[in-house]
Amino acid sequence: MKHHELTYRMKEKAELVQAVVTTVCSMEDVLRYVVDLTLRQNGKSLVAPCLDSQNRQVLETFCSAAGLTFLHPPLRNHLTDIHTALTHADWAIAETGTLVLNSASEDLRIATMLSETHVAWIPASRILPDAVALSDRLIETMKSPPGYMSFITGASRTADIERVLAIGVHGPQTLHILIMEENPS
Amino acid sequence: MIQTAQDMKTYRDRIRAALENRFLRKALDNFASAYKVSRAKAFEGIDLETLKDQIATGKDQALTQLELLFNRFKAEAEAAGAVVHLARTAREANEIIAKIGRNNGVTSIVKSKSMTAEETHLNDHLEAEGFNVTETDLGEWIIQLRHEGPSHMVMPAIHLSRQQVGTLFGDVTQTPVDLEDIDRMVKVARKELRPAFLAADMGISGANLAIAETGTLGIISNEGNARLTTTLPRVHVALVGLDKLVPDLSAALRIIQVLPKNATGQALTSYVTFITGAVECGASDSGKKILHIVFLDNGRLDLAKDPVFSEALRCIRCGACSNVCPVYGKVGGHTLGHVYIGAIGLILTYFYHGKDNARAIVRNCLNCQACKSVCPVNIDLPYLIKKVYANILKDEGTRPAKNTVLSTVMKNRYLFHSLLKMASTLQKPLVQKEAGVLRHLPFIFGKAHEFRTLPALAKKSFRDQWPKIRPQIQNPKYRVALFGGCVVDFVSPEQALSLVRLLTRYNVQMEYPMGQSCCGLPAMMMAEEQTAMAVAVQNLDAMDPDRYDYIVVLCASCGSHLKEGYSRLLADTSEVTEKLRCLQDKLIDFSSFMVNVLKAAPEDFLQNQTRVAYHSPCHLCRGLGVTREPRELLQTAGLDYAPCKDEDVCCGFGGSYSLEFPEISAEILRQKLDNVENTGAEVLVTDCPGCVLQLRGGMDKRNSRVRVQHIAEVVAENLKDP
């Protein structure tokens, strides 16, 4: 499957599970998106545990301009304060619209579990057709423990009451996926 | 707490009470319909049969080397910082976990969903030890607050209405909750449970998979509580059945590919988590998670060595056997299981929770095969259920009187057939002549049996008519033998007479071997395997397959028992293997014979386009895998086939089942007949005389204008004269 087909399928399958999927061209797009989204949702705070220092500085600048609090690690100090979490995803699985995050870092886990909104960006080249295509990489990671590997498919959900689907039980209530096209045409 | 009926009287009372719960029936019925659609959609484009075989084979291999896999897992996980325990019993597992709590100064515990923890009654143990335990899966929290057990393995609170949950949440939070607003209720749980996560010292989870090659736990979940449970507290204990061990990641990925789809029709759950060893944890002094993995044996190692029952350990806990079970759909999980629910529950209860808890529930199986056909790991659930029943009868050393009578009579064909003939004379005062049904049921039947009329025995059985009516065909195209079965022979010989007419018209020489007897399925249903084996040998002797081109059955149940049941019953009787194989190769159901062998064509039939609905017998569509031919035959025979909702759902007959559990049988039948009447059909057609008996009796009781006929009858009726 070609890249654009995988991107299309990823978007289609992720939207089936209520994820919001957008294509972006640069890190700046990502940073602006996450700030705008937080403002739209009346959120007050933002975390970005795995961001490199250069982008983190840009994001912090955006945050202060927008009146948002940028929370610094360790995130255990902010367990109840996180509105938006910005993270990358290591891979994505188009077949099911799934994000795969190597979550050995506790800050990353806390960000993706205790935020109200999770925004993840993924380079288009890291979208794979199915889980089997990922298995060598998964095994490799599992063989250098300790590890905590997360497959995330849509927002947290339940159907435990009368089998009616409800979104946002214990995890994030919304999931946004930003697919980054390396060579936008 | 969970109190399962331990005797039949109590069990029947429970069943009656469950059947009065209209909400439950409606909820389960809606679920059953929606599930079929979403499951089919989820598996679109996937070669499910191959995948099922791969998983089943992989599981079987793993089961032969559980100890090896456990040792590998332990070595890998401990090298990664975990501590791995093996608990021989449920009590030992609970004690290990309590001790881990005490040693780490734990006071409060959060739990994510674990059927294994339900199996060991872990919460009761921990609470008695003074720990504060909170279930965090929404459904599990609800039933914890109500002090109940789960009523489904995947959806533990499916038996409750939104109003019941809303009222409960209102009481717990001391704030009124809108009783219609499910979204709000979910948010109440989110808000109420968050402090429990933040305060907990220990998180207890289950695991869907334990991957030996890397010492990794795999957890499949939707709500996100399993992730919080395994991340926030400084101690994580995973309680895992030994049967969850798989050798490697690819085996795990195959199970992950199937489990959510088969459980709820989801392509994948929101979260799949793989935990390997002790990860970073800021709440622990060492900065590392304190991770303990407790494997539970509780009989699994012995079970894995059992030549018959080891298959049950393939189960991946998807709960689908409940989703499709007609009995589950009527009475719910609290009446059809102990801790483990549904078909697999009827089996595992005996092994994990003892014969007292299994004694009554294990009898509540129609043998409709729906669970077997939906099982993602090919467990022959109906067969194992009967085997458990047989084991219990053996353990208890006493058999119900009806079993002894049945066995004595059935083993002796002359006695059996003489009794049937005698009964045909004795019933005369009870028969309503024109209708051929019993006006009054003998007093031993109670009121509960009045949901259908029962047919009278025929005045003259087919075998008694045969010598006079046997057609002699010159240069026949084929020679076929009819395996009639008891119902055709003694209750509905008109079905066989229709066959005679059709075969004569198509130039086929038919024979009715007189030495044939009951196929033996009723004996299997009552767990009388020795008797079933004895009649199998008799029938094989009587039917001598070498003499015929085909052996035709009008009864799907006989057919599927001859085909599948006999192979198992006679597996160790090597002197009949060849003969049996020959019989099975030549065995064919009526519709397939008409369509595939005789190539019946529309010009042979009056095209009167009578509107007919079709009921697909369990043992035809699932037992023999025949689905296309009967529908095609109806159309060929000039009938207007009107598709009906749930055609392949059991009619509730199940042979002796309908006598043992008449109320459930009646309820399943009611729904079937409602669906048929909704099609506007004039005739309901099916291809099993047992189903005809049930469906016709039910239609008769409700004075319906819908006639019920065997497919051989409607097809013969439309046959043009040559």
Side-chain angles (χ1 to χ4, degrees), chain A residues 13 16-17 73-77 79-80 93 95-98 100 102-110 112-114 130-132 134-136 138-139 141-173 175, chain B residues 27 30-31 34 76 79-81 136-139 142 155-158 160-162 165 182-183 185-187 189-190 193-194 197-198 211 214-216 222-225 227-228 230-232 249-250 253 256-257 264 267-283 288-289:
Chain A
K13 293 296 176 182
L16 278 181
V17 285
L75 298 185
R76 255 197 199 265
N77 298 337
L79 293 177
T80 56
I93 301 169
E95 187 183 37
T96 45
T98 301
V100 180
N102 181 344
S103 312
S105 143
E106 185 177 55
D107 284 327
L108 183 63
R109 271 179 281 140
I110 288 171
T112 58
M113 292 177 196
L114 286 160
D130 51 33
V132 175
L134 186 64
S135 48
D136 287 348
L138 279 181
I139 272 286
T141 320
M142 284 174 182
K143 283 189 171 162
S144 43
Y148 195 110
M149 188 64 73
S150 304
F151 284 21
I152 299 177
T153 310
S156 150
R157 65 191 52 228
T158 187
D160 271 355
I161 305 174
E162 288 193 14
R163 289 195 317 83
V164 174
L165 177 66
I167 305 291
V169 203
H170 296 301
Q173 316 213 34
L175 174 68
Chain B
N30 290 342
F31 172 52
E76 297 295 336
T136 61
D137 172 83
L138 177 57
I142 293 168
M155 292 161 290
I158 194 174
L160 298 172
S161 68
R162 64 185 77 190
V165 175
I182 289 177
D183 264 321
M185 292 174 207
V186 170
K187 297 298 179 271
R190 180 181 175 92
L193 289 169
R194 196 52 72 89
F197 282 118
L198 299 179
I211 306 170
T214 51
T216 302
N222 270 315
E223 295 183 1
N225 61 319
R227 281 158 53 81
L228 289 169
T230 57
T231 293
L232 290 179
L249 179 68
S250 30
L253 289 178
I256 291 166
Q257 194 186 355
T264 55
L268 191 62
T269 47
S270 304
Y271 305 110
V272 179
T273 304
F274 295 101
I275 301 173
T276 316
V279 285
E280 195 186 335
C281 177
K288 290 270 177 200
K289 177 75 81 183

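Reminder, nothing fancy here: chain letters follow the sequence lines and each chain counts from 1.
- Among the candidates B:Thr136, B:Val165, B:Leu198, B:Thr214, the residue making the largest number of heavy-atom pairs closer than 4.5 Å to chain A is B:Thr214.
- Looking at A:Asp160 and B:Glu223, their side chains come closer than 4.5 Å, going by heavy atoms from C-beta outward.
- For the 3.5 Å distance criterion, the side chains of A:Tyr148 and B:Thr230 qualify, holding a donor opposite an acceptor.
- Proximity to chain B (any heavy atom under 4.5 Å) is restricted, for A:Thr80, to the side chain, taken from C-beta onward.
- Of the atoms belonging to A:Leu114, heavy atoms from both backbone and side chain fall under 4.5 Å from chain B.
- For B:Lys289, no part lies near chain A; criterion is any non-hydrogen pair under 4.5 Å.
- Under the 4.5 Å side-chain criterion, counting only non-hydrogen atoms from C-beta, A:Ile161 is in contact with B:Ile142.
- Judged by distance alone, with hydrogens and angles left aside, the side-chain atoms of A:Arg163 form no donor-acceptor pair with the main-chain N or O of B:Ala34 at under 3.5 Å.
- The salt bridge (charged side-chain N to carboxylate O under 4.0 Å, His left out) test applied to A:Glu95 returns no partner, not counting sequence neighbours.
- Between the CZ atom of B:Phe274 and the CD1 atom of A:Ile139 there is a distance of 9.5 Å, given to the nearest 0.5 Å.
- From B:Leu253, atom CG reaches atom CG of A:Leu134 across 8.0 Å, with rounding to the nearest 0.5 Å.
- For A:Ser103, no part sits under 4.5 Å from any heavy atom of chain B, backbone or side chain.
- The closest side-chain heavy-atom distance from A:Met113 to B:Thr231 is below 4.5 Å.
- Looking only at side-chain heavy atoms (C-beta outward), A:Thr153 and B:Thr269 stay at 4.5 Å or farther from each other.
- Residue B:Leu160 touches chain A through its backbone alone, counting heavy-atom pairs closer than 4.5 Å.
- Residue with the most contacts toward chain B among A:Met149, A:Gln173, A:Arg76, A:Lys143: A:Arg76 (heavy-atom pairs, distance under 4.5 Å).
- Contact of B:Ser250 with chain A is not made at all, since no heavy-atom distance falls under 4.5 Å.
- For A:Arg157, the parts lying under 4.5 angstrom from a heavy atom of chain B are both the backbone and the side chain.
- Heavy-atom minimum distance, A:Gly168 versus B:Val186: O-CG1, 4.0 Å.
- By the salt bridge (charged side-chain N to carboxylate O under 4.0 Å, His left out) test, B:Arg190 is found to be paired with A:Glu116, residues two or more places apart in sequence or in another chain being considered.
- A:Leu79 is listed as a side-chain neighbour of B:Leu232, based on a closest heavy-atom distance under 4.5 Å.
- Within the 4.5 angstrom heavy-atom criterion, atoms from both the backbone and the side chain of A:Ser150 approach chain B.
- Although no hydrogens or angles enter the test, the distance criterion places a donor-acceptor pair under 3.5 Å between the side chain of A:Glu106 and the main chain of B:Gly282.
- Side-chain contact between A:Arg109 and B:Val279: present, with at least one pair of heavy atoms (C-beta onward) separated by less than 4.5 Å.
- Contact count against chain A (heavy-atom pairs under 4.5 Å) is highest for B:Lys187 among B:Lys187, B:Glu76, B:Met185.
- For B:Ile275, the parts sitting under 4.5 Å from any heavy atom of chain A are the backbone and the side chain alike.
- For the pair A:His170 and B:Arg227, the minimum side-chain heavy-atom distance is 4.5 Å or more.
- Per-residue counts of heavy-atom pairs under 4.5 Å with chain B were compared for A:Ala131, A:Pro145, A:Ser156; the largest is that of A:Ser156.
- Annotation: side chain of A:Pro146 is not in contact with side chain of B:Thr276 (no heavy-atom distance under 4.5 Å).
- At a 4.5 Å heavy-atom cutoff, B:Ala79 makes no contact with chain A through either its backbone or its side chain.
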